[in-house]
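Below is one structure, written out as structure tokens, with a few remarks after it.
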Amino acid sequence: MKDYGRVAVLYGGPSSEREISLKSGAAVVQALKSRGVDVHAIDVQPDIATRLVAGNFKTVFLMLHGRLGEDGAIQGFLEVLGLPYTGSGITASAIAMDKALSKAVWVASGVPTPEYALIDSPDGMATAAGRLGYPLIVKPVAEGSSIGITKVRDARDLARAYQLAADYGRVLAERCVTGAEYTCAILGGRALPVIRLETPQDFYDYEAKYVLNTTRYHCPAGLAPDEEREVQTLALRAFQALGARGWGRVDLMRDADGRFYVLELNTAPGMTDHSLVPMAARAAGLSFEDLVLAILDHAGDA
Ligand SMILES: Nc1ncnc2c1ncn2[C@@H]1O[C@H](COP(=O)(O)OP(=O)(O)O)[C@@H](O)[C@H]1O
Ligand SMILES: [Mg+2]
């Protein structure tokens, strides 16, 4: 086996997604251990600098979600320390965490993404709804886990939806895509098999993601071979347009007219044994342990 040296898995941290990060990190630690890697789990606390320097690590496996862990902050910190890490660099992480910036880059690169408007006051909602129609999707620019998202059906709910999203910072309104929902994992330079998500909820909301057991995951996704390739190519283009590297997961939806649209890129997606990237990897013949090692192999890629 390749000598990976001392590997630090960074997990936990202060973000709103701490709990899921703890689970993902524990699963990654377990997998690396089982493959004989000298792995050290570090729950990110204010003493992180001291621990990283004292630990004499060769590589860092980043299993942090959300603010400070997935937005370029810890990536910049590791660059300064000269420690190679898994996943995307500073810029791609920062852009992917910001849905407004991501969409601007995709529009400029010809990657289809739902039409949108940035809203800076409750008054802006009616104008956006006039242009984008109902139902209107209203979401925070920088959150995850479907937190703060509303599907607005008529003008009476605009103010409430704005407020809900604004609690998490800047607000984005998007044209509602009405067809099936997909996600496509990227590993190294290639797209893994596409997964289709199916929920009886109004959309793939927090409950559908983490609470209810009524969400169905289909892999293979049930697409014709050329459609599967189309989604994979689109996901890879979305990933590359933001300058992402290593691994990630692109969320997409299909409109009533059959066209696919990119919603967002997750640069450090969940890695519990029932998360989506491991599911796609399994369909490609990679065990959870194979997947974790492959992600580690790409650490520090240019
Ligand atoms: N434009 C849209 N049209 C229809 N549904 C959407 C749209 N944007 C988001 N959704 C629904 O909300 C969910 C979460 O949106 P997403 O942009 O992926 O943000 P998050 O970072 O919270 O996962 C999606 O999985 C989808 O079910
Ligand atoms: Mg999403």
Side-chain angles (χ1 to χ4, degrees), residues 15-17 20-21 65-67 69-71 93-104 106-107 111-119 128-129 131-153 161 164-165 167-186 194-212 214-218 221 231 234-235 238-239 242 244 248-257 259-270 275-277 280:
S15 96
S16 59
E17 293 172 90
I20 183 82
S21 164
H65 306 308
R67 221 172 63 78
E70 202 175 351
D71 63 358
S93 300
I95 297 175
M97 182 53 71
D98 183 311
K99 291 186 170 81
L101 273 180
S102 300
K103 290 170 76 75
W106 286 328
V107 169
V111 173
T113 186
E115 238 188 297
Y116 69 106
L118 275 167
I119 317 285
R131 181 159 71 81
L132 304 171
Y134 291 103
L136 182 71
I137 301 290
V138 179
K139 60 173 90 168
V141 164
E143 253 309 320
S145 298
S146 297
I147 292 165
I149 303 187
T150 311
K151 195 173 193 171
V152 179
R153 299 194 180 277
L164 196 66
D167 283 348
Y168 301 95
R170 287 181 301 142
V171 178
L172 189 70
E174 258 184 20
R175 182 185 295 286
C176 185
V177 182
T178 57
E181 175 149 7
Y182 301 89
T183 196
C184 183
I186 308 290
V194 179
I195 299 172
R196 178 165 56 90
L197 320 169
E198 202 180 5
T199 168
Q201 297 285 99
D202 197 19
F203 64 96
Y204 189 43
D205 61 9
Y206 186 89
E207 304 279 302
K209 283 181 182 176
Y210 302 116
V211 184
L212 304 170
T214 50
T215 308
R216 297 275 169 270
Y217 301 95
H218 307 275
V231 174
L234 187 53
F239 184 84
L242 301 196
R249 207 193 75 221
V250 178
D251 291 344
L252 313 96
M253 290 186 81
R254 188 172 209 182
D255 213 351
D257 62 7
R259 281 203 283 257
F260 296 98
Y261 293 86
V262 174
L263 295 185
E264 61 152 350
L265 164 66
N266 300 287
T267 51
S275 295
L276 299 170
V277 177

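All figures in this text were calculated on a predicted structure; none of them were measured in a lab. Start at 1 and go down the list; that is how both ligands and their atoms are numbered. Throughout, residue positions are numbered sequentially from 1 according to the sequence presented.
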How far is [atom] from its nearest protein heavy atom, and which residue and atom name does that atom have?
atom                    : value
atom 14 (C) of ligand 1 : S146 OG, 3.3 Å
atom 26 (C) of ligand 1 : E181 OE1, 3.3 Å
atom 17 (O) of ligand 1 : K139 NZ, 2.7 Å
atom 10 (N) of ligand 1 : L263 CD1, 4.1 Å
atom 1 (N) of ligand 1  : E174 OE1, 2.7 Å

Ligand 1 contact on [X] by region, counting heavy-atom pairs under 4.0 Å:
X    : result
V177 : both
E143 : backbone
I149 : side chain
K209 : side chain

Other residues, nucleotides and ligands only: do more than 12 of their heavy atoms fall within 6.0 Å of CZ on R196?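 Yes, enclosed.
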Does ligand 1 have an atom under 4.0 Å from some heavy atom of R175?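 Right, R175 reaches ligand 1.
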Less than 3.5 Å between some nitrogen or oxygen of E264 and one of ligand 1, yes or no?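 Right, the criterion is met.
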If the Mg ion (ligand 2) is the vertex, what is the angle to OD2 of D251 and OE2 of E264, rounded to 10 degrees?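 Vertex at the Mg ion (ligand 2): approximately 90°.
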Taking E70 for the side chain and A268 for the main chain, is one N or O donor matched with an acceptor at less than 3.5 Å?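 A pair under 3.5 Å: yes.
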When rounded to the nearest 0.5 angstrom, what distance separates OG1 in T215 from OH in Y210?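 The OH atom of Y210 is 11.5 Å from OG1 of T215, to the nearest 0.5 Å.
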